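If you read the sequence from its start, that first residue is 1, and numbering goes on from there. All ligand and atom numbering here is 1-based and tracks the order in the structure. Owing to the predicted nature of the structure, the values given are computational and were not obtained by experimental measurement.
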Amino acid sequence: MRIASVRDGVVPIASAIANAYIDFSKMTASVVAVTVEDGAGRSATGYGFNSNGRYAQPGLLKERFIPRLLETPENILAHADGGLEPAGAWASMMRNEKPGGHGDRSVAVGVLDMALWDAAAKLAGKPLWKLLADRYRGGEADESAWIYAAGGYYYPGKGLDELVAEMQRYLDMGYSVVKMKIGGAPGTPIKDALKLDIARIEAVLKLLGGDGSRLCVDVNGRFGLHAALAYGAALAPYRLRWYEEPLDPLDYATHATLAEHYSAPIATGENLFSMQDCRNLIRHGGLRPDRDILQFDPALSYGLVEYIRTLNMLQEHGWSPRRCVPHGGHQFALNIAVGLGLGGNESYPEVFAPFGGFADATPVEDSRIRMPDLPGIGFEAKSALWAVLKDL
Ligand SMILES: O=C([O-])CC(=O)C(=O)O
Ligand SMILES: [Mg+2]
């Protein structure tokens with residue numbers, strides 16, 4: 001087993017949308033293609049990319065992680081089942097990297113890790129979800145994944161009518177749970193934002209028949225404790241599906257205080273990039289394993305090799321993998337959700353194209369989706385994404 005070649009590029013995913021913390025006017029993604037030869041005459045090319053929210057990492061890839069990946073000793077790339085073991089490549093990429101301070105290097109490694117898993121599944125002639133179920137769950141995969149439609153961004157000129165029309169489109173596509181941004185009406189102080197957001201939330205809830213369990217709201221880490229508590233008190237009567245990233249993602253103590261005062265589900269974790277950071281959230285964030293949602297995104301956080309460490313850590317702390325619903329709306333996390341039995345996956349029906357969204361011929365029914373039976377992650381079955389990746 002040998003890493004034969006690695007190619008990388010940068011593509012734009014810029015758009016005019018904004019959340020409470022950033023706009024996406026200059027957002028980019030790294031894309032990579034990794035070709036692996038198995039020494040028995042077979043080769044496979046896997047593809048990877050980073051999900052939205054962090055930028056492309058061409059410098060880190062070219063200077064450190066691609067050269068180290070190409071130097072991976074052949075003997076650590078073999079899995080006991082005869083296939084490719086991405087953990088060997090991961091160890092090689094992380095040689096001479098100190099612990100802590102995960103920053104953007106976890107994004108660069110995550111992009112390559114995704115491509116390695118795509119190649120591993122293609123070499124095995126199986127979809128990734130099946131390879132994962134075979135390697136880690138005695139062959140047992142879920143039949144489908146729960147997904148929800150994430151959107152509700154701030155956008156120039158977007159008012160209540162446009163917001164409700166957007167959510168209606170998601171319902172028409174087969175989603176029954178939707179997510180919208182709050183806490184960030186452009187140029188609005190947080191005290192005025194609450195009034196505006198309650199009007200936005202009530203407009204969407206009306207569309208959802210008043211059922212709070214069908215609506216998630218996302219603050220993108222903008223609030224301090226005071227605003228998070230004030231919003232929490234206002235949101236509590238609606239019994240929302242979840243209240244996402246209310247606080248700075250690394251400020252665990254404030255999460256613990258919020259969780260004492262807000263009893264409905266809290267979701268967070270899309271900006272935690274290592275098992276160790278996730279463990280600190282679990283140890284110190286006061287989150288509740290019977291209701292809260294963990295959104296660690298393998299594409300941003302050193303990939304699936306690290307995500308498996310995170311799932312093991314969660315198990316040691318009494319958390320079920322069903323509490324995990326990864327951020328990022330990509331096919332990689334969707335395969336992981338079905339193969340490893342997570343609680344579901346995010347979906348972006350209208351934003352972050354072509355990286356958001358799933359295989360073309362997989363309809364959403366009652367917020368659930370089935371997986372195509374195609375070797376690898378399934379990028380080739382998503383035409384808009386494949387049009388970008390095939391040029392690598
Ligand atoms: O707006 C973003 O940065 C993406 C996000 O939080 C999400 O999908 O939950
Ligand atoms: Mg979010």
Side-chain angles (χ1 to χ4, degrees), residues 12-29 49-56 104 107 110 145-155 158 163 166-167 170 175 177-186 197 200 204 215-223 228 231 235 240-251 255 258 265-273 277-278 281 285 287 292-301 323-334 337 342-358 367:
I13 44 169
S15 67
I17 61 174
N19 63 36
Y21 215 106
I22 62 167
D23 67 55
F24 291 81
S25 57
K26 301 245 170 10
M27 189 56 56
T28 54
F49 54 82
N50 61 277
S51 39
N52 71 83
R54 301 285 155 162
Y55 296 85
D104 279 350
V107 178
W146 177 76
I147 54 175
Y148 68 96
Y153 280 83
Y154 298 102
Y155 188 86
K158 183 171 174 181
L163 175 67
E166 176 192 348
M167 297 298 161
Y170 300 151
Y175 294 90
V177 177
V178 297
K179 182 165 92 182
M180 60 187 273
K181 300 299 174 182
I182 60 167
D197 277 333
R200 293 170 72 244
V204 175
L215 178 62
C216 314
V217 295
D218 189 355
V219 183
N220 287 94
R222 162 124 188 241
F223 293 161
Y231 260 72
L235 296 179
L240 298 179
R241 180 76 170 223
W242 68 63
Y243 178 20
E244 176 170 329
E245 267 206 318
L247 293 156
D248 183 279
L250 289 166
D251 187 346
H255 283 80
L258 177 65
I266 295 169
T268 190
E270 68 178 69
N271 289 300
L272 300 185
F273 291 165
D277 282 345
C278 300
L281 175 72
L287 296 185
D292 291 327
I293 303 294
L294 304 171
Q295 301 174 300
F296 319 128
D297 179 347
L300 297 177
S301 54
R323 304 315 310 161
C324 295
V325 180
H327 163 272
H330 46 77
Q331 289 167 285
F332 186 41
L334 188 66
L342 308 184
N345 195 43
E346 183 166 20
S347 177
Y348 300 119
E350 292 190 354
V351 292
F352 306 125
F355 299 100
F358 309 126
S367 263

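Nearby protein atoms of type N, O or S around the Mg ion (ligand 2) amount to 3 (distance under 2.8 Å).
For A16, the side-chain contact (heavy atoms from CB on, under 4.5 Å) partners two or more places apart in sequence, or in a different chain, are Y155, P156. Partners of V204 according to the side-chain contact (heavy atoms from CB on, under 4.5 Å) rule, which considers only residues two or more places apart in sequence or in another chain, are L163, M167, V178, M180, L208, L215.
A distance limit of 4.0 angstrom between heavy atoms and ligand 1 selects the residues N19, F24, N52, Y153, K179, K181, D218, N220, E244, E270, H327, E346, Y348.
Side chain to side chain, Y148 and K179 meet the donor-acceptor criterion of an N or O pair below 3.5 Å. Inspection of the H327 and N271 side chains reveals no N or O donor paired with an N or O acceptor under 3.5 Å.
Judged by distance alone, the side chain of T268 and the main-chain N or O of E245 form no donor-acceptor pair under 3.5 Å. Here the side chain of S51 pairs no donor or acceptor atom with the backbone of A299 at under 3.5 angstrom. Using a distance-only test at 3.5 Å, with no hydrogens or angles considered, no donor-acceptor pair links the side chain of Y243 to the main chain of L235. The backbone N or O of G328 lies less than 3.5 Å from no partner atom in the side chain of E270, so there is not a single donor-acceptor pair. Between the side chain of R200 and the backbone N or O of K181, at least one donor-acceptor pair lies under 3.5 Å.
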